[in-house]
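Here's the structure, in structure tokens; my notes come after.
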2 protein chains.
Amino acid sequence: MNKMQKEHALTKNQQIIFDLIDKSPEPMKAYSILFNVQKKGIKAPLQVYRALDKLVEIGKIHKIESRNAFIACHNSSCQVAKATAFSICEICEKVTEISSAGLSKYLANFKDKDGMKYSKYNLEFFGLCKKCRT
Amino acid sequence: MNKMQKEHALTKNQQIIFDLIDKSPEPMKAYSILFNVQKKGIKAPLQVYRALDKLVEIGKIHKIESRNAFIACHNSSCQVAKATAFSICEICEKVTEISSAGLSKYLANFKDKDGMKYSKYNLEFFGLCKKCRT
DNA sequence: AACACTGTGTAATAATATAACATTAATATA
DNA sequence: TATATTAATGTTATATTATTACACAGTGTT
């Protein structure tokens, strides 16, 4: 734990929404989040989207782009959301964050034809999970 | 050209929409497509989405998930949309399809912790393009 | 105090995508 | 040829996802 890397204190709305996503076994969609936090006083879509934007920015959650849904980061080293990879089951829609040193190293070092390197990426793998394969 | 691999004949709507996307120097969004083809008799969003779905399915176009936009496939070998990679400039939004044998081989062979292999994936790299870097 | 910055609350609306139903065209097979 | 089947179309309405615009509150500076 680096003291310089101050733990980002969440605001009330951010904390409520992060807790909900973090508890969820599956990615949550914005309006489903909204529905679930209305009893806590968060009434409008914008309140949800603002918290989501911030949580994504600081790397506490990730957006699954192909599903328009959000998942808590389970990659402890992930302070900033800049290099993400997921596996997605096309039947049950289970999503798992992939943390593979080899993969992240390969992608972080990947250069395109012009020799350009990219520090930020998002990768989504699709297939069938163990359960759904049987 | 394999005779068994019949060239998919596009229907009228599919052809109109493919031509438009193919001509476009940048990814196009569904409602922008709709606006542009209304003079050709395509009047409703659903007509556009149906054509887009089919075109994606047969690999003639790809969806840029992080942008909700569509780009024509420029990877001649891409008969089916199952393994895609793009670079996206965060300033000018220029999108380029990456065709790297090394990358696609690496990803096609990637196994997660459970030994699971995925035949389908989508990868989006973010950064600054040449022009925007200067 | 004045200012900048971040977050909040609220209403309205924009942008993206699908459901449901009726019809027509294309393909296949009896 | 007839008929069954599948894929595509046309249309209306609606669902889902996300942002704009504006007013205000808290915190930390200068």
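Lettering of chains follows the sequences in order, A, B, ..., and the numbering in each one begins at 1. Model, not experiment: these values are computed from the prediction.
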- Task: Please report the C-alpha distance between A:N13 and A:V37 in whole Å, then the side-chain angles of each, then the deciding distance to 0.1 Å, and finally whether the side-chain contact (heavy atoms from CB on, under 4.5 Å) criterion is met.
- Result: CA-CA 9 Å; A:N13 287 1; A:V37 297; over 6 Å; no

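Proximity of A:Q47 to the phosphate of C:dG9: a side-chain N or O atom is located under 4.0 Å from OP1 or OP2. Put simply, A:N68 has no side-chain N or O that comes within less than 4.0 Å of OP1 or OP2 on C:dT16. Using a 4.0 Å cut-off, no side-chain N or O of B:T11 falls inside it from OP1 or OP2 of C:dA25.
You'll find that the side chain of A:N13 is closest to C:dG9, out of C:dA17, C:dG9, C:dG7. Comparing C:dG7, C:dG9, D:dT9 by their closest approach to the side chain of A:K12 singles out C:dG9. Checking D:dG10, C:dA20, C:dA17 against the side-chain heavy atoms of B:Y49 singles out C:dA17 as nearest.
Distance A:L52 CG to D:dT16 P: 18 Å, rounded to the nearest Å. A straight line from CG of B:L46 to P of D:dG10 spans 11 Å, rounded to a whole angstrom. Taking atom CG of B:D53 as the reference point, atom C1' of D:dT9 lies 14 Å away to the nearest angstrom. Atom NZ of A:K54 is separated from atom C1' of C:dC5 by 11 Å (rounded to the nearest Å). At whole-Å resolution of the value, CE in A:M28 and C1' in D:dT17 are 15 Å apart. Atom-to-atom, CD1 of A:I33 to C1' of D:dA18 comes out at 13 Å; the value is rounded to the nearest Å. If you take CD of B:E65 and C1' of C:dT16, they are 12 Å apart, rounded to a whole angstrom. In this structure, A:E57 atom CD and C:dT6 atom C1' are separated by 11 Å, rounded to whole Å.
Using a 4.5 Å heavy-atom cutoff, the side chains of A:D112 and A:Y118 are in contact. The shortest side-chain heavy-atom distance between A:I58 and A:L10 falls under the 4.5 Å cut-off.
For the atom pair CD1 of B:I88 and OG of B:S66, the computed distance is 3.5 Å after rounding to the nearest 0.5 Å.
With both pairing distances under 3.5 Å, D:dA18 is matched to C:dT13 as a Watson-Crick or G-U wobble pair.
Comparing A:S32 and B:I42, the nucleotide of DNA chain D nearest to each residue sits closer to the 5' end for B:I42. Take the nearest nucleotide of DNA chain C for B:K63 and for B:R50: the residue whose nucleotide is more 5' is B:K63. Of the two residues contacting DNA chain D, namely B:Q14 and B:K43, the nearest-nucleotide position lying further toward the 5' end is that of B:Q14.
Between the base of D:dA15 and the side chain of A:Y31 there is no donor-acceptor pair shorter than 3.5 Å.
The shortest heavy-atom contact between A:H74 and A:E97 is N-OE1, 3.1 Å.
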